[in-house]
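Here is the structure we will look at.
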Amino acid sequence: MSNIGNYEERYKTFDWSQAKEHLGYSEGDFLNIGYYCSDRICEQGKADKLALIWEGPDGTLKRYTFADIRVLSNTYAKFLKDLGVEKGDRVCIFADRIPDLYISLLGILKLGAVAQPLFSAFGPESLITRLANAETKVVLTTRKHVSKVRKIKADLPALKHIVIVEGEPKKMGEGEMLFNLEAAEKVEEFTSFAADLETPSLLHYTSGTTGQPKGALHVHSAIFAQAITTRWVLDLNDSDIYWCTADPGWVTGTSYGIIGPWSLGITQVVLDAGFIPDRWYKFIQDHKVTVWYSAPTAIRMLMKQGEEIVKKYDLSSLRYLASVGEPLNAEAVHWSRQAYGLPFYDTFWQTETGSIVISNYPGMEIKPGSMGKPFPGITATVLDLKTHEPVAEPGKVGLIALKPGWPSMFRAYWRNEEVYKSKFDKGWYICGDRASIDKDGYFWFVGRDDDVINTGGHLVGPFEIESALLEHPAVAESAAVGKPDEVNMEVVKAFVALKPGHEPSDDLELDIMNFIRKRLSPLAMPQEIEFVSSLPKTRSGKIMRRVLRAQEWGEPVGDLSTLEND
Ligand code: WT7
């Protein structure tokens, strides 16, 4: 039996007070995410339970119990306090997925400061926009990454300290210091800041598939939504070994890679190494991972490697798989059923929503290619593109919109009130994505608002085209964009990356065209296929269609600070 039980029943009877109860919180209780994810778990008798099993790039293993996490996050909190960090100050963590990243984040929250994790692969240009906008006071980083902070330091007047928490640079610069958690005197007791429901906790910059990155501000009460969705969507229980593949530089890596599992006292595993299929499978086998939360880009890459390599490993510990970040093609669901004996359950949410808002649930029938249904407590609909009134007819495409008011909803875009306001209309928060809802209430993703192709006045979503392409045995990845056309305004152009063992040719293009013609409406048929070795992606793995589109239109590509370029 799954934790959520009967979805329809839950949806009917749920209100957010149940999420508070689930975490044992009553009105007026002490609240602090840092405390809830460590001290409180220890108080519940799980001090000796493993919180984190960490595997480093060279295979080194480190293990931390909840008691360790409690004391070590205290140690960070005290260190930062002595440094002069105060409630509300922004403290950035700019590091690979080292244990300090996970532990210091809780320390920052215990202090009442705002944690701003940034993806370690960012270059100086990506860093400066985010640190300047946030007026960050302290950056925690490592020897490996400090040079990037040094390059921009002169332009960051608010930045007071650069703390190197791993490795020792040959020379220390001005305002720099070392902090070694293992060597530091441990702090047994630290009184966490008594947050209220609205105290800021995390500042996450959006991954920026479109426009300038924006800092979504979250608050401590987000934990209520993160905990209950972890329980009901990811179906986590006490005995699980959980692996979230996302980096805490992105919201998935904090909401479901730190707060969700630890608030429930669940053991998680972290792999601080890049994407290597063999390594991933071995990691699941070695640590007996039971629940795995990943992303379509990774899944497509695993599909590209084929099923043979899956057979080399014992993945029988796996019992539940979920996906987020991009549309999950039906093909990926079928493939994972075939390869792992389990489907991936798609979940939809955003940096702004802080927790899963539309999803598939264990026990509820999956319709492959659909994102599922709203989480209990979430009112979701699609709005008419022009009037912003809810669309009544099943199957009609509109803008995904949510009724504000759930605990993990972002409270602001940092210093960007205007754009924040522009996201709301007629009592709805508008996500910036398009979808339709079928007669059974399932949501079907169409595309990001800005990625939709307008051909001869008909709107075509890239997702259906890409999904059809992906079903062709030679196609590994694809992106569909609109290119200029005198008659139709735009026509569809598809970019395709092939699986190993396939070479681009006119014959193959023709074969793919014939293949997808059977699956697509004539309007959605690409006029052209361009073979590419890879697609432009954000560092969080999202395909950046706007870059391809801008190339076709000969337009400036805009902000590229999150573009993956290694
Ligand atoms: C955007 C949010 C939420 C954590 C990861 C990304 C796209 C996300 C799905 C899905 C189709 C999805 C949307 C959304 N997206 N999940 N299951 N199906 N699209 O957070 O970086 O803020 O991105 O990711 O376009 O708006 P984010």
Side-chain angles (χ1 to χ4, degrees), residues 117-119 202-211 213-218 222 225-226 229 233-234 244-260 293-300 321-330 332-333 344-361 366-375 380 382 399-402 408-410 413 423 429-436 442-452 461-464 466-467 479 537-546 561-562 564:
L118 290 178
F119 191 42
L202 276 141
L203 184 59
H204 263 299
Y205 281 78
T206 56
S207 61
T209 34
T210 50
K214 299 174 285 287
L217 184 69
H218 286 280
Q226 288 151 353
T229 47
V233 181
L234 301 179
C244 169
T245 61
D247 190 286
W250 312 111
V251 73
T252 310
T254 58
S255 291
Y256 296 105
I258 299 181
I259 304 169
Y293 196 20
S294 201
T297 327
I299 300 164
R300 284 193 294 264
L321 319 179
S323 162
V324 68
E326 280 204 296
L328 182 67
N329 315 80
V333 178
F344 269 96
Y345 283 74
D346 194 14
T347 72
F348 168 89
W349 56 294
Q350 304 178 299
T351 307
E352 289 84 346
T353 69
S355 64
I356 295 162
V357 289
I358 298 174
S359 186
N360 291 281
Y361 307 91
I366 296 184
K367 296 192 186 186
S370 157
M371 310 197 293
K373 299 188 183 188
F375 188 79
V382 302
L399 301 165
I400 302 178
L402 310 166
S408 65
M409 170 80 169
F410 75 134
Y413 282 132
K423 292 282 197 158
Y429 162 67
I430 302 177
C431 296
D433 293 297
R434 292 186 190 188
S436 64
Y442 283 71
F443 282 64
W444 295 80
F445 189 80
V446 169
R448 284 211 54 94
D449 211 10
D450 336 67
D451 288 339
V452 170
F463 180 51
E464 57 169 320
E466 293 162 13
S467 289
K537 297 207 190 83
T538 66
R539 292 175 186 280
S540 56
K542 288 188 206 294
I543 296 171
M544 267 193 166
R545 295 176 190 81
R546 84 175 152 89
S561 64
T562 56
E564 167 193 80

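Quick caveat, the model's predicted, so the values are computed rather than measured. Each ligand, and each atom within it, is numbered from 1 in the order the structure gives.
- In terms of N/O distances under 3.5 Å, ligand 1 is not approached by C431.
- Below 4.0 Å from some heavy atom of P327 lie the following atoms of ligand 1, by number and element: 11 (C), 18 (N), 19 (N).
- Checking I366, V324, V333, L234 one by one against Y345, the side chain to side chain contact (heavy atoms under 4.5 Å, CB included) holds for a single residue, I366.
- For the residue pair T245 and S294, a side-chain donor N or O sits within less than 3.5 Å of a side-chain acceptor on the partner.
- Only the backbone of E326 comes within contact range of ligand 1, with a heavy atom under 4.0 Å; no side-chain atom does.
- Heavy atoms of G325 approach ligand 1 to within less than 4.0 angstrom.
- Taking distance alone, with nitrogen or oxygen atoms compared against 3.5 Å, S323 stays at or beyond that limit from ligand 1.
- Within the set D433, T347, N360, the minimum heavy-atom distance to atom 25 (O) of ligand 1 is found for D433.
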Working for side chain to side chain donor-acceptor pair (under 3.5 Å), residues S355 and Q226
CA-CA 6 Å; S355 64; Q226 288 151 353; over 6 Å; no
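- Proximity to V251 (heavy-atom distance under 4.0 Å) selects the following atoms of ligand 1: 4 (C).
- With sequence neighbours excluded, the residues satisfying side-chain hydrogen bond (donor to acceptor under 3.5 Å, both in side chains) with T347 are Y293.
- Residue contacts with ligand 1: L328 is excluded, as none of its non-hydrogen atoms falls under 4.0 Å.
- Not counting sequence neighbours, the partners of R300 by the side-chain hydrogen bond (donor to acceptor under 3.5 Å, both in side chains) test are E326, N329.
- A 4.5 Å side-chain heavy-atom check between I358 and K373 finds every atom pair outside the cut-off.
- Only the side chain of R448 comes within 4.0 Å of ligand 1, counting heavy atoms alone; its backbone N, CA, C and O stay farther away.
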Apply the test side chain to side chain donor-acceptor pair (under 3.5 Å) to residues Y413 and T206: give CA-CA distance (whole Å), side-chain angles for both, the deciding distance (0.1 Å), then the verdict.
CA-CA 10 Å; Y413 282 132; T206 56; over 6 Å; no
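- Residue T252 places no N or O, backbone or side chain, under 3.5 Å from any N or O of ligand 1.
- For ligand 1, the atoms lying closer than 4.0 Å to a non-hydrogen atom of T351 are 20 (O), 21 (O), 22 (O), 27 (P).
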